[in-house]
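One structure below.
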Amino acid sequence: MKPTRRDLITLSAGAVVALPFTPIPWKLLDDSAIWTQNWPWIPTPARGEPSTKFTACTLCPAACGLKVRCIAGKPVGIAPVAAHPVSRGGLCALAFGAHQLPWHPLRLKQPLLRGQLVTMDQAQAAVAAELKRAGASVAFLDARPGRTASMLYRRFLQENHSVRYLTVARPGESTGHLLRQWSGSPEPLGIDIENAKTILSFGVPVLDGWATPGRVLTAWKRKSFRLIQVDSIATPTAGLADRWLLIEPGTEAALAQALAGTMPVEAAAKVTGLSAALIQDTARELASAGPALVLGDDPAIAALNVQLQNVGRAGGYVSRRGSSVPAMQLEAVPDGSLELLFVEDDAAPWNVVQKKLSPTGYLVCFSAYHAGLANHAPCVIPVPANLETVDDAAEPFDALTASYSVAQALLPAPQGVTAAHAFLGRLAGWAEDEYATTQAKRVAAIHAAKRGSLFDPAAGSTTAVSEFKDAAKLQEALQQGGCWQDDAAAPRVLKCTVPATPAKAAAVQGSNWTAAVLPPLATKIYQESTLRPTREI
Ligand code: SF4
């Protein structure tokens, strides 16, 4: 029988209808997905034995403990360390993708001079010439103070006759500095979040990765404090707070003064846009549901803490053993006064940094990515990314006890990148092992003091420092991801004298949650959500 046109059409239609029920389209889809991933520039995870390593996060000063899952020795996943003395089993969202950062598309592997790729020797010669020109008007802006690298930055400045070792105040940090000054305490003050029953936050992003997120969020999850957020815009923290006081921008000091009783409530109501009844109600809540901790960055906020007797008491600002080396805040540097500024990563926004440079000022940015300040600096030195270099971290500003941890290099750094301290060391002619020697001295000092204990993340146990035979053993334990924690200071109520016209606290520079770049997955979520405004990269 000869096939007709109708037979052909029926057969074709049948084939089209039946095709999705065969494996052919699904196999083609699968294969094309695999083929499009097989480009030579796409990193492929190695195959091999799984293992777990412990280290410290170096993306911000919080220094949270990381549990890193590795395959064939390469990090493939990050999780928090339960019972870690600093991060208390928590991490911020950024850390979960931190192992992807070395492959970020904006990764820098060669120095840049005015936008042109150059060799490290050329970059070094250019910086040496600028150093000579700048004389003593040179400064270093440290993104994470308290490290061994920070000690070397200070030394470099001293050798160049400069005292301008700079840091940037994190939101809510300056109140602790003011209270320390007013009380004359030789020790820095930590923030006792765990024992606070009420937290009144003036614009501090308490629930948005602020301070040590593990500490804050554990206390929040346990509902151990009520949060009253004062914000003039809708922020993630304001949205989650028990009460949000929507006030006029820039009127925080008036509200703090009214709550402290140093300004008439009606006058504050007029300025802030809040009702007098609401201000009185908040004042009553602070007085009755204590300890009530007040966070913010204005002398009036520090004075309110004094009024609430929060200094040296549980649930307030309490002494931490140890001494923090004084650093100048970037905001305190006179505008247009810096001839040469070395800056790490995205330590401060460009508009703030730009103001401090003289018209002939030169910016040297140490960055692993072509992003943030590196977009504006005439000289960019590529540095190892997170997990690619040995680094260390001291306690974050809110900590109640001093701590120290070491981050190991879990990945090899690409050729052509150099740590900031090594670059400065070459300029200054230091020995190659200067960093290792300085760090070993630091561990030896902890061992010699025989104070505190070492947390072992693998075993989840702690060992007293006095039980370590020598400093080398302590160093070994730290390199395995251990975290040293000092003994807590004895509780001591501090008497504060509030000056009649207190100096203005350093301005807040922004959240400590975001970095200039995020891991690719986090970038997508970050940009597609309306959680936070996207920063310039
Ligand atoms: S808060 Fe900072 S140190 Fe902690 S996990 Fe996040 S980026 Fe790392």
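Order of appearance sets the numbers: ligands from 1, and atoms from 1 within every ligand.
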Judged by atom type as modelled, is there a donor-acceptor pair below 3.5 Å linking the side chain of Asn305 to the main-chain atoms of Asn310?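 Not confirmed, Asn305 side chain does not pair with Asn310 backbone.
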Determine whether a donor-acceptor pair (N or O, by modelled atom type, separation under 3.5 Å) exists between the side chain of Thr198 and the backbone of Ala289.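 Between the backbone of Ala289 and the side chain of Thr198 there is a qualifying donor-acceptor contact (under 3.5 Å).
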N, O or S of Cys60 under 2.8 Å from atom 6 (Fe) of ligand 1: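 Looking at Cys60, which is the residue asked about, there is no N, O or S atom under 2.8 Å from atom 6 (Fe) of ligand 1.
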Does a side-chain N-to-carboxylate-O contact under 4.0 Å join Arg451 and Asp486?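 Yes, Arg451 and Asp486 are salt-bridged.
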Pair Arg147 + Asp142: basic N to acidic O under 4.0 Å: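 Salt bridge flag = yes for Asp142 with Arg147.
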Proximal atoms of ligand 1 relative to [X] (non-hydrogen, under 4.0 Å):
X: Leu59; result: 7 (S)
X: Cys57; result: 3 (S), 5 (S), 7 (S), 8 (Fe)
X: Ala95; result: 5 (S)
X: Leu91; result: 5 (S)

Side chain, backbone, both or neither: the part of Pro213 lying under 4.0 Å from ligand 1 by heavy atom: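 For Pro213, the contact with ligand 1 is made by the side chain alone.
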Do Gln485 and Ser403 pass the side-chain hydrogen bond (donor to acceptor under 3.5 Å, both in side chains) test, and can you show the C-alpha distance, the side-chain angles, and the key distance before you say yes or no? CA-CA 4 Å; Gln485 195 179 30; Ser403 63; over 6 Å; no
Consider ligand 1: state whether an atom of it lies below 4.0 angstrom from any non-hydrogen atom of Ala63.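 Yes, Ala63 has heavy atoms under 4.0 Å from ligand 1.
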Could you tell me how the ring of Phe140 sits relative to the ring of Phe366: parallel (under 30°), tilted (30 to 60°) or perpendicular (over 60°)?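 Phe140 vs Phe366 ring planes: parallel.
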